[in-house]
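Before any comments, here is the structure.
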Protein chains: 4
Amino acid sequence: MLKVGIVGASGYTGTELIRILVRYPKVEIKLVTANQLSGQEASSVYPSLKGFFDGKYETYDPDRVKEECDVVFLGLPHQESMAVVKELAPAGIKIVDLSADFRFDDRAMYEKTYGVVHLCPELLEDAVYGLPEINREMIKGSKIVANPGCYPTAALLGLYPAASAGLIDGGVVIDAKSGVSGAGRKLTLESHFSTVADGISPYAVSGHRHGPEIKQELTKLAGDVGMVFVPHLVPMNRGILCTMYVKIGRNVNEESIRGLYRDAYSKEHFVQLLESGTYPRTKALQGWNGCHVAVELKDGETLVIMTAIDNLVKGASGQAVQNMNLMCGFPEEKALAGPGLFP
Amino acid sequence: MLKVGIVGASGYTGTELIRILVRYPKVEIKLVTANQLSGQEASSVYPSLKGFFDGKYETYDPDRVKEECDVVFLGLPHQESMAVVKELAPAGIKIVDLSADFRFDDRAMYEKTYGVVHLCPELLEDAVYGLPEINREMIKGSKIVANPGCYPTAALLGLYPAASAGLIDGGVVIDAKSGVSGAGRKLTLESHFSTVADGISPYAVSGHRHGPEIKQELTKLAGDVGMVFVPHLVPMNRGILCTMYVKIGRNVNEESIRGLYRDAYSKEHFVQLLESGTYPRTKALQGWNGCHVAVELKDGETLVIMTAIDNLVKGASGQAVQNMNLMCGFPEEKALAGPGLFP
Amino acid sequence: MLKVGIVGASGYTGTELIRILVRYPKVEIKLVTANQLSGQEASSVYPSLKGFFDGKYETYDPDRVKEECDVVFLGLPHQESMAVVKELAPAGIKIVDLSADFRFDDRAMYEKTYGVVHLCPELLEDAVYGLPEINREMIKGSKIVANPGCYPTAALLGLYPAASAGLIDGGVVIDAKSGVSGAGRKLTLESHFSTVADGISPYAVSGHRHGPEIKQELTKLAGDVGMVFVPHLVPMNRGILCTMYVKIGRNVNEESIRGLYRDAYSKEHFVQLLESGTYPRTKALQGWNGCHVAVELKDGETLVIMTAIDNLVKGASGQAVQNMNLMCGFPEEKALAGPGLFP
Amino acid sequence: MLKVGIVGASGYTGTELIRILVRYPKVEIKLVTANQLSGQEASSVYPSLKGFFDGKYETYDPDRVKEECDVVFLGLPHQESMAVVKELAPAGIKIVDLSADFRFDDRAMYEKTYGVVHLCPELLEDAVYGLPEINREMIKGSKIVANPGCYPTAALLGLYPAASAGLIDGGVVIDAKSGVSGAGRKLTLESHFSTVADGISPYAVSGHRHGPEIKQELTKLAGDVGMVFVPHLVPMNRGILCTMYVKIGRNVNEESIRGLYRDAYSKEHFVQLLESGTYPRTKALQGWNGCHVAVELKDGETLVIMTAIDNLVKGASGQAVQNMNLMCGFPEEKALAGPGLFP
């Protein structure tokens, strides 16, 4: 029985972790922490857990975590997360950090993007960027996995095969659309129902924190190429759709591009290449850890790559469990099976 | 390995059956029929099934069903369903019929409500009304289960304890609110996005077919009491909320009423009584076979009973699998575990 | 040219007042106050106003209001509102107060319901409850109009003809459904997109502040009758739908009841009685100051009354302008014309 | 009094025309046709019109139109529209055609795009492409105005200043997002609530009919430049958002680009340039004939142009009335005033 803890468990990603893990026969959730809700039953805050999880939120206690847990998930805000990692890492516990604190290779880039000082830069090189379809082998051996952001997951899964083949040397436009749960449970005017419902708008056009994260990973695949990233907020609960535009510099046809994607993903459990002429719909992925990918070459020169994921599953907690499975030598898809909810 | 077939599998309830059953280790889906989509892969119509189910819709063939299936689910429109039951019943196959064709004890009431002649009234008394929390024992021994309507499921689970205790002798008002998937995949102006989104309205006030169905079952519990049922269409995908009003005729307090509900449901896997002062939210039940119930006594004389379900799960396909489990002697909650999706 | 001010103008009702009044040729908006946003252009907070209104929010200054305004609308939270009324009333300015502070005849009932002490109970009897279809003549002569709550408006317009005719002596169940803008711009978990979207739930079942307000007015029409009021939150921007259930105590038929409604409303500009067999849809009223009403007698004994309004227009700011028109001797429908937005 | 007719009045654009025109004091709606709903009151089909418009749909009769109307709006499907234009044009009636039948200069391009033979190609050169902000003078003198498509309106208003200045010589990516009313009242699986609500997807990636329309007009402004157009369906009633990406080939900075937009639009009534750092939100434009535009230069080399409109107003019926005003020598903004509805 694997003993896991969730530190920072009262947000949407923490709750999604509980949702996934309670169905995992070999996993026992030993503790869930939420300092501000300490003592409350998780199921009183999230009635969807009623009958499945009777644990109470507790105050984070590093000793207790070290004693009780083999694996710990961190659902904390950035900054808070690295303090916890610094504390727990020496104990050898496996850590899946859902914050951005260990996603950057370069401390300076992290500090610039997030506007804070890194507390344990010495751990950055121990951390692996947890996108299993690209970094599977590294994840298997790691003790600290930086779980990717939701936008980066959707963007990079779409770009990976094309970038690896040198097709995006001319740069890429990433037009991304997200559901509102990506903004979390924090109350802001931007996630207020009356602001969002029945409308759409771009936001953070001049710079979203996931931009540099995508750029870092894309550079590893394709070198230093141009990239424009514009996120939009869509009136839906879950889901990210990325529509990406690449000017193809050389002589390739759609079929050969589809071949690249087939090669990259035909053995992947969680990435499905859609048939020619069909396109991803976020709704087909609700609750599942998958990613739907479509590619289409327009006018023989612009490659349109489209991906969809559930931002709380493949874009966060599902991928975190996928990473845990890899770190622990379990079957990668364990506890992550089951089709999405449609409609 | 239990071999099941789904006849009429291309609607939302058929697809939901597939979603549930592909995660059921002991069940094999032998065939799915959809005469008009025959030859198409189900996952091309419902991309959420991609990677989980590679079956093709086929044309209904009674001989093949008899040969291949131990259990068959019928996701057909009323009228079509009874023709199939008439054909399959003699072969001894276990049948869970999701249509209304076998929900009425009284042929005349059925014919009046649905405006058609019943083709096999002789089978009506073999059929059991498949609400397990009320009729569990009868379901266990039956060969034909009439799976309840979505509104009746939500209403009756709320009324059952009060009705059994004689509390609703003065009649009940059932104000019901449903998500749009309850109207199915058929294209109508009423389920057109532009009609429904961002608004609410009552419909079928003068008579909804689920009214007589609720009345029939309520009469068994409470005798011939007054009942008004008004359904509303809510701009959401899944979910039914019933708010029910009962004028309490005698001296009871809220705590004793809560006691009735606790007695009725404390051992039930799929019905959860909410704490005093908290109310059901359809969203907490998305994708799960559960029902949340709350009761509150207002001004000491009006009992407000509130229930929520996912209309496609507890209100249709999940309950159908629950019934299959009972009919086959399997654990009742098998394949139906897992918390709802929130948000 | 009528000079108006809006004190507390940065919420949804204040903005809706601006939206309506900028199209009113005979009205000049002299000032809009919002202490916390003082100095900001209203159109930078609400881009829908761009090109129509270039005013800036200013800090409330009673002297300036007295000097500049003939009429003032108060879009303040309860409690804050009465302090302003106390200050402005002696100057003889016409006041339309959108808060609850002057809706109650009985100071004690107000204080119990809102949990605060009334600062100027001596003004309560000067204030008129501003539901024009019922209190038109009194409004005409008044200086202080207490603009009704959104739920009370929808409920009372439906109950008025029946109550006046003594039909609801047996009491009434009011099952009310509201869009989220009714909760205002204040950030709460209950109006967070991820809580509300794609689901429905009852709230404040044990007591909503609009309950006693409805009760007070209903008692004037029908005497002390039983009343149960349960509000629900619906995933839509605007709109209230009330479905009301009345057990008819005597021998009346639907047609005679329709006659009562026809008599009451045939000359009303803003209330439309729907044809038999059709029901109100909130969506048909978006942006308009109207109310759609339908009545239906079920089983000869339960009268179902259904009403729909736009909560921000007839339920708040539109009605406030209607009241202003009456107080100033202008045509009642001035600036309030124009069909609702559909879809 | 200007006498107008609406031929093909029962769709969303026809209804929106009625909504706008009933508030137009100098306009009288003489007739509305809808062959399949002939004899029905428009307000029984669209209850939002109740109390504002008591006309009945009638069967189209060219003689009656010629006799009664000064101006006629055509809300017909393409193909049907040109037959009517052919019939009415000789009579000298002013025609605003909301279909695509007269939007193309080149008959062959029209026939290829819409797959039908043009019935009156000789009239194509009499028709003016009715985007007033670009073609105002031509519209003033014309008898046949081809009202632009919704996507082309949103895209071209954003591209116009940049294209005129030669900034988009390197081509443009148009990522467009539309509400569902753009698909009209026709029942399709794609506009079924359960398909669309709470999700997003691209569609018609390989070729949407508005692509060639945008291309034609863009070519007039910028010459033959590359253009990729990908539309998406968003779960909202009204609104189009275009996010457009242009690789800037030469040395310009954001401020000079903003200058181009200011020059182009500062005198326009219906186009508002947003402040730097703010972005359009479809919701701010509900019901208004305006367009919000934002521009931002990313990394000094990619110009991001964002526009939002209400697809049924500026994208259809509002623009049609704007065109009528120009054709008739009326003030352009007549009957089109009034801020959008927010929230």
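Chain letters run A, B, ... following the sequence lines, proteins first and then strands; every chain starts at 1. Given the structure is predicted, the values throughout are model-derived calculations rather than measurements.
Interface check for chain D: of the options Ser194(A), Gly171(A), Pro343(A), the most heavy-atom pairs under 4.5 Å are formed by Ser194(A). Your options are Gly179(A), Gly239(A), Ala308(A), Pro235(A), and the one with the most heavy-atom pairs under 4.5 Å with chain D is Pro235(A). Interface remark: of the candidates Met306(A), His232(A), Gln286(A), Arg238(A), His232(A) forms the most heavy-atom pairs closer than 4.5 Å to chain D. Between chain A and the residues Leu297(D), Leu285(D), Leu241(D), Leu233(D), the most heavy-atom pairs under 4.5 angstrom are made by Leu241(D). When the candidates Thr278(D), Val228(D), Val304(D), Val196(D) are compared by the number of heavy-atom contacts under 4.5 Å with chain A, Val228(D) comes out ahead.
Taking all atoms of both residues into account, the shortest heavy-atom contact from Tyr279(A) to Ser206(D) is OH-N, 3.6 Å. Between Asp198(D) and Asn237(A), the closest heavy-atom pair is OD1-N, 2.9 Å. In terms of heavy-atom proximity, Thr195(D) sits nearest to Lys283(A) at O-CD, 3.6 Å. Of all non-hydrogen atoms in Ser201(D) and Arg281(A), the two that sit nearest each other are OG-NH1, 3.6 Å. The two residues Ile174(D) and Tyr245(A) come nearest to each other via the heavy atoms O-OH, 4.4 Å. Nearest heavy-atom pair, Thr282(A) versus Gly199(D), reported as atom, atom and distance to 0.1 Å: OG1-CA, 3.2 Å.
Looking at Met227(A), only its backbone comes within 4.5 Å of chain D, counting heavy atoms on both sides. Heavy atoms closer than 4.5 Å to chain A are found in the side chain of Asp299(D), but not in its backbone. Residue Ala294(D): no heavy atom, backbone or side chain, is found under 4.5 Å from chain A. Only the side chain of Phe342(A) comes within contact range of chain D, with heavy atoms under 4.5 Å apart. For Ala197(A), the parts sitting under 4.5 Å from any heavy atom of chain D are the backbone and the side chain alike. Both the backbone and the side chain of Val205(D) come within contact range of chain A, each with at least one heavy atom under 4.5 Å from a heavy atom of that chain.
Taking OG of Ser178(D) as the reference point, atom CD1 of Ile200(A) lies at 10.0 Å (rounded to 0.5 Å).
The only member of Asp175(D), Thr302(D), Thr243(D) that meets side chain to side chain contact (heavy atoms under 4.5 Å, CB included) when paired with Val230(A) is Thr243(D).
By the neighbour-count criterion of 12 heavy atoms within 6.0 Å, atom NZ of Lys112(A) is sparsely surrounded, having that number or fewer from other residues, nucleotides or ligands.
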